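Everything below concerns the one structure shown next.
In what follows, chains are A, B, ... by sequence order, proteins preceding strands, each numbered from 1. Small disclaimer: the values here were computed from a predicted structure and weren't measured.
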Protein chains: 2
Amino acid sequence: MTDDRSRPLRERKKLRTRRALADAALRLFTDKGFDATTLEELVEEVEVSKSTFFRAFPAKEAVAIEAETQLWSAYLTTLERREVTGLVLAELRDALLETAAALEPDWDDRYVATRRLVLTAPALLAYVEHHRSGVKKDMIGCLADKLGLDIDDLRLHVLAELAVTAWSVSGRDWVREDGRGGRQALIRRLKDSFEAIPASLHLAAP
Amino acid sequence: MTDDRSRPLRERKKLRTRRALADAALRLFTDKGFDATTLEELVEEVEVSKSTFFRAFPAKEAVAIEAETQLWSAYLTTLERREVTGLVLAELRDALLETAAALEPDWDDRYVATRRLVLTAPALLAYVEHHRSGVKKDMIGCLADKLGLDIDDLRLHVLAELAVTAWSVSGRDWVREDGRGGRQALIRRLKDSFEAIPASLHLAAP
DNA sequence: CCCATGATGACACTGAGTTTCATTTGAGTG
DNA sequence: CACTCAAATGAAACTCAGTGTCATCATGGG
């Protein structure tokens, strides 16, 4: 029990099992494959019951993409804290850069492993897409609130979409190179992606 | 057997069961709810076996969104047939307009019912997202091929994303009004959505 | 008419996710 | 420290989507 004592013991225990499950899942899924690993094996490894697993995660897929989940939940927190001034797209970018820079150091490896895993299991890909879709919805809600716009405003949808896509592409390229260059390399790629967005609209055939 | 005789009988039969399944599914799911309807009930209604169902559709979710699937598969066909000249975004828009205009007349009602259904079942929402994601991938592949670009080119990702988002938002609004105004109303909304895209990038806080 | 091939149905099986309920364990109180 | 309440856990039975196998049936081509 070498954990941070600032929170009640109960909560610390819950967090510990959560981490243990996510770590074991990343290991098992990477070794044996996502489909080939049963939930039973996972919970035996961590020595908890299936009930406990489903109280910590809503689905088998969820435990595999903890790193992705952490990123976006931190992002939404950042976004809500910041006040929006000037170009909204720039705001979305800066919040993302700030969030990426602030993630705990061991996040890098877990994220690389996660993205690798996603490439091997269609079910995981689908789950990530679904999860990001929820994030976009939250982003739109947050922006609509701050800007006094309707949550159906097409512009907000486009902007949320762009931010997530910029991340997705940057992350893919970064992972493809083993996360070489660390957090800074990722951040650099992210800046490049955002800069490339306006040009996209004017892409034309020769 | 009042079907189009141009194809072999075997194929016609397969198509008929497929249609029957999709129609019954839309009816049952709308009445009882997606989760509350078991696959068993569905296949009993249509009088086929579970095996047959899974040869026609890859998942329970798939049979519920046939109208969505038809749209995008027609779109990809259109896109591949057209030659790309000038602005790519305009090309994506025009192909979408052309596709929407060419869908069989009974598509409207089925699509409205489908989108309604999706709003009631999280599993369906996730499945639609996943499906569209596959469509975007195909769009990107098609464009990369025609333009001689890399399939990882960020601009292609952005453009595919924008086209799908424009559709999604237009469709949502159209469905919200019961598909009033028919195909023409949908097409008008779609044009508006595409026109609103460039402005999005310059959205700023007051 | 016959044969090869592809579609179907029946059935058994796996594994994810839910539900229920009894048991344990941490938190607050006197 | 003892007691109590609430929350967390575990055990086990259950539902249902999805897979795999194999025997049977229908179709299309010769």
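- Atom pair B:F53:CZ and D:dG18:P shows a separation of 8 Å (rounding to whole Å applied).
- When rounded to the nearest whole Å, the span between CZ of B:R18 and P of C:dT8 equals 12 Å.
- Put simply, CG on A:L21 is 14 Å from P on C:dA16, counting in whole angstrom units.
- Within 6.0 Å of NZ on B:K137 lie no more than 12 heavy atoms contributed by other residues, nucleotides or ligands.
- Dense packing is recorded around CD of A:E11, with more than 12 heavy atoms of other residues, nucleotides or ligands lying under 6.0 Å away.
- Taking atom CD on A:E11 and atom P on C:dA27, their separation rounds to 10 Å, with Å as the unit.
- Rounding to the nearest 0.5 angstrom, the gap separating the OG1 atom in B:T120 from the CZ atom in B:F34 is 9.0 Å.
- One interatomic measurement links the two molecules: NZ of B:K60 to P of D:dG18, which rounds to 8 Å at whole-angstrom precision.
- A:E40 places its CD atom 15 Å from the C1' atom of C:dC13, with the value rounded to the nearest Å.
- The distance from atom CG of A:D35 to atom C1' of D:dG18 is 12 Å, rounded to the nearest whole Å.
- Using cut-offs of 30° and 60° for the angle between ring planes, the B:W107 and B:Y111 rings count as parallel.
- Looking at heavy atoms from C-beta onward, A:W167 lies out of side-chain contact with A:Y75 at the 4.5 angstrom threshold.
- Distance B:E44 CD to C:dA10 C1': 14 Å, rounded to the nearest Å.
- For A:K146, the NZ atom sits in a packed shell: over 12 heavy atoms of surrounding residues, nucleotides or ligands are nearer than 6.0 Å.
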Protein-to-nucleotide contact annotation, 5' to 3' order, nucleotides 2-14 of chain D [B base; S sugar-phosphate only; - none; under 4.0 Å, heavy atom]: ----BBSBBB---
